[in-house]
Number of protein chains: 2
Amino acid sequence: MPPTADLVLGLNAVIVAVTAEVPRVLTLNRGEQPALPFGPLDPVQDRTLELGLRRWVSEQAGLSLGYVEQLYTFGDRNREEDEGSGEPRVLSVAYLALVREEEAETVAGAQWTDIYRFLPWEDWRRGGPRILDRAVVPALAKWRDSADHRALRQVRSERIDIAFGLHGSPRDGYRVLERYELLYEAGLVAEARRDRQLSQARGDEESPLPGRTMAFDHRRILATALGRLRGKIHYRPVVFELLPPTFTLLQLQRVVEALAGVPLHKQNFRRLVERGGLVEGSGRFDSQTGGRPAELFRFRRDVLRERPTSGVGLPVHPRE
Amino acid sequence: MPPTADLVLGLNAVIVAVTAEVPRVLTLNRGEQPALPFGPLDPVQDRTLELGLRRWVSEQAGLSLGYVEQLYTFGDRNREEDEGSGEPRVLSVAYLALVREEEAETVAGAQWTDIYRFLPWEDWRRGGPRILDRAVVPALAKWRDSADHRALRQVRSERIDIAFGLHGSPRDGYRVLERYELLYEAGLVAEARRDRQLSQARGDEESPLPGRTMAFDHRRILATALGRLRGKIHYRPVVFELLPPTFTLLQLQRVVEALAGVPLHKQNFRRLVERGGLVEGSGRFDSQTGGRPAELFRFRRDVLRERPTSGVGLPVHPRE
DNA sequence: TCCAATTATTCTCACTGTGAGCATAACCAG
DNA sequence: CTGGTTATGCTCACAGTGAGAATAATTGGA
């Protein structure tokens, strides 16, 4: 196995914070479109991939990452142009990182952007997003009907139903990547048109949907991160990485809702985290609620020992 | 970002099949120790990583892979020797693949090995493995007590309890990697001693535990794969990738048990897969059961549309 | 032929987790 | 002191699940 010099390795970071009920991702301005932070691995200096990531994030953004988790390794050649050109193949190992609200200071050249600016069809907190019925579903239907063969139409129809929870299929908050990839395949996100630029000069493409474009395949990476994060809060208490040491239950609920993209039943949420042993009261109270003061809680680290797989469990049938 | 020539990229495959109630992994003889299949990525030819994997597995082993899923990317430098030497850094993207029993033919130089030969402490189908009480737990206790400071002993104690489900902590079948890494850190698996060879010539190490060693970090990769697979059958019907098109419910149960490493309640298992809509009766029967003939079932593909997140759900409190 | 052993299949029962909503408590602004 | 607002406590219905009894349909030998 010879060293492969025609290959570049990088690390991508999806750095997430939640401020004021808005889930945000750290983005950089690389060219026209926002991009995720990207850094190289120093094969000599960095003993592990994760340490390498922490090193350059710290150097570049002055951010000290708390929770870090490897997401996925992206290495598909999605631009036709790459094929013949002498450009090296890019392989990127993507990481998900969570930082606390307070530490989320804006660094020069970087900004915290609402994740749902990039994936507007994922926010169901105030009911089904309008963009879905107005733009996404009709465009997908058009794509479905444009298939040449009946069988292909059937396949597309099922994929659409499953991904977006239509026609009786339950909606599944975790399938963020599946939804994005469907939209990409259907040519409904700007990235798809950009990537196909040279090979497809056909005029039958839809105009791209609302939702901000990102550089390279970064929106795909973001979708992967959001899906993973939504799944993770089910069975691991990761939300607390995003909160100050002490918080009210409503604050906690809002953070979970922001990530999950669905509204939760307040009383049941309280029951879940309290009876699940995830939090403990501090005895202190927050009177800035606008109503009855709320007790300040803190995360019970012991829960990791008692109930190793405990999370805040999202509802199967969220309220509308 | 310059091309990094001092870096080698490869793809590893954990190819799993279940035959006769034994979960097996395809291993090759590379040197003294068994190794996982490993192949390069051809940056020019292989459009995607997964296609690259399928290509060389097909070429080398004559195996056509069914279900394939990316596992994790390993790139830690775990051998001190690498540091100064001119050896390139190895980065490997590991994949999990499932193949059907019938297709699991032995290829020259390759063999199907019982996964629990490598991870004997993971098989709880006939109660807690003897190796646990006899060797693992005492050795871990020794390691815990060898810590210099009280605080460190406490930390180690908790980690051991959580990982192995001791002292009231529930046992968690998915924490396969966590358990292996703990044993590695404690110097209880041969790989740890091998990797520390040069830096630690101390004589205070335990003799390695039972359980076969693998080349490089392949046992770690295998542990990752088993943990992921155990988690996956919870919420995705992947088991069927390992079964013939038609099977009895007991056959299905045995395969799940083999992977989960836990015995299941027969009647409840039937209720789960039947009421969950995962299978449908074929009307035909298998009379080779030794008792009353069992109906042959097949996987209901429709379930993917109706209940997108359905699996066979392992019990939280498995029978002993 | 009939019985014991074996496996398959059907049901019951208790308990827990969860979705939904009512009721009460404690604060604020006017 | 009153209405608005948020926090907290509690009840009820119902689905899912762990456990096991009971019944059905075979086979192999006594």
Side-chain angles (χ1 to χ4, degrees), chain A residues 21 124 170-171 173 233-235 246-254 256-257 260 262-297 303 307 309-320, chain B residues 21 124 170-171 173 233-235 246-254 256-257 260 262-297 306-307 309-320:
Chain A
E21 309 187 4
W124 281 67
R171 214 178 57 82
I233 44 185
H234 247 324
Y235 58 95
T246 191
F247 46 82
T248 69
L249 292 188
L250 187 57
Q251 281 170 17
L252 174 60
Q253 181 179 341
R254 293 296 182 223
V256 173
E257 287 175 334
V262 289
L264 299 174
H265 186 281
K266 187 170 181 170
Q267 296 95 317
N268 290 346
F269 183 79
R270 161 182 285 267
R271 179 178 63 189
L272 198 67
V273 296
E274 263 193 317
R275 301 253 289 246
L278 283 166
V279 298
E280 61 188 357
S282 69
R284 296 186 299 116
F285 287 81
D286 175 8
S287 346
Q288 311 302 312
T289 58
R292 171 173 169 176
E295 183 163 10
L296 289 165
F297 287 78
V303 79
R307 313 183 45 183
T309 61
S310 58
V312 289
L314 306 183
V316 186
H317 306 297
R319 297 184 320 173
E320 292 286 312
Chain B
E21 307 187 5
W124 282 66
R171 211 177 59 80
I233 45 184
H234 247 326
Y235 59 98
T246 191
F247 47 82
T248 68
L249 293 186
L250 186 58
Q251 281 169 17
L252 173 61
Q253 182 180 341
R254 293 297 182 221
V256 173
E257 287 175 334
V262 154
L264 300 174
H265 186 282
K266 186 170 181 169
Q267 295 95 317
N268 291 345
F269 182 80
R270 160 182 287 267
R271 180 177 60 189
L272 198 68
V273 296
E274 263 192 316
R275 302 252 287 246
L278 284 166
V279 297
E280 62 188 355
S282 69
R284 295 187 299 117
F285 288 81
D286 175 8
S287 342
Q288 311 302 310
T289 57
R292 173 174 169 175
E295 183 165 9
L296 288 164
F297 287 78
E306 300 161 8
R307 313 183 44 183
T309 61
S310 57
V312 290
L314 305 183
V316 186
H317 306 296
R319 297 185 320 173
E320 291 286 311

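Values reported hereafter were calculated over all heavy atoms of this structure, with side chains retained and with hydrogens, waters and symmetry mates removed. No experiment lies behind these values; they were computed from the predicted model shown.
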Check: Val256(A) and Phe269(A) side chains under 4.5 Å, non-hydrogen atoms: yes
Closest non-hydrogen atom pair between Phe297(B) and Gly281(B), with its separation: CD2-N, 3.4 Å
Gap between atoms CG and C1', on Leu249(B) and dT10(C) respectively (whole Å): 13 Å
With Gln253(B) via side chain to side chain donor-acceptor pair (under 3.5 Å) - residues at least two apart: Glu257(B)
Spacing of Asn268(A) atom CG relative to dT11(D) atom P, expressed in whole Å: 15 Å
Interatomic distance where CZ belongs to Arg275(B) and P belongs to dT12(C) [whole Å]: 11 Å
Listed once per pair and sorted, the side-chain hydrogen bond (donor to acceptor under 3.5 Å, both in side chains) pairs that draw on residues 277-293 of chain A, sequence neighbours left out: Glu280(A)-Arg298(A)
Distance-only donor-acceptor test, Arg271(A) side-chain atoms vs dG17(C) base atoms, 3.5 Å: no
Value in whole Å for how far the C1' atom of dC10(D) lies from CD of Glu274(A): 13 Å
Protein-nucleotide distance (His234(A), atom NE2; dG17(C), atom C1'), rounded to Å: 14 Å
Results of salt bridge (Lys or Arg N to Asp or Glu O under 4.0 Å) for Glu295(B) - residues two or more places apart only: none
Protein-nucleotide distance (Leu272(A), atom CG; dG9(D), atom P), rounded to Å: 16 Å
Contacts of type side-chain contact (heavy atoms from CB on, under 4.5 Å), residue Glu21(A), not counting sequence neighbours: Arg125(A), Arg254(A)
Rounded interatomic separation in angstrom, taking CZ from Phe285(A) and C1' from dA25(C): 12 Å
Base-contact (B) and sugar-phosphate-only (S) positions in nucleotides 22-29 of chain D, heavy-atom cut-off under 4.0 Å, - elsewhere: --BBB---
Atom pair distance, as rounded to whole Å: NE2 in His265(A) and P in dG21(C): 7 Å
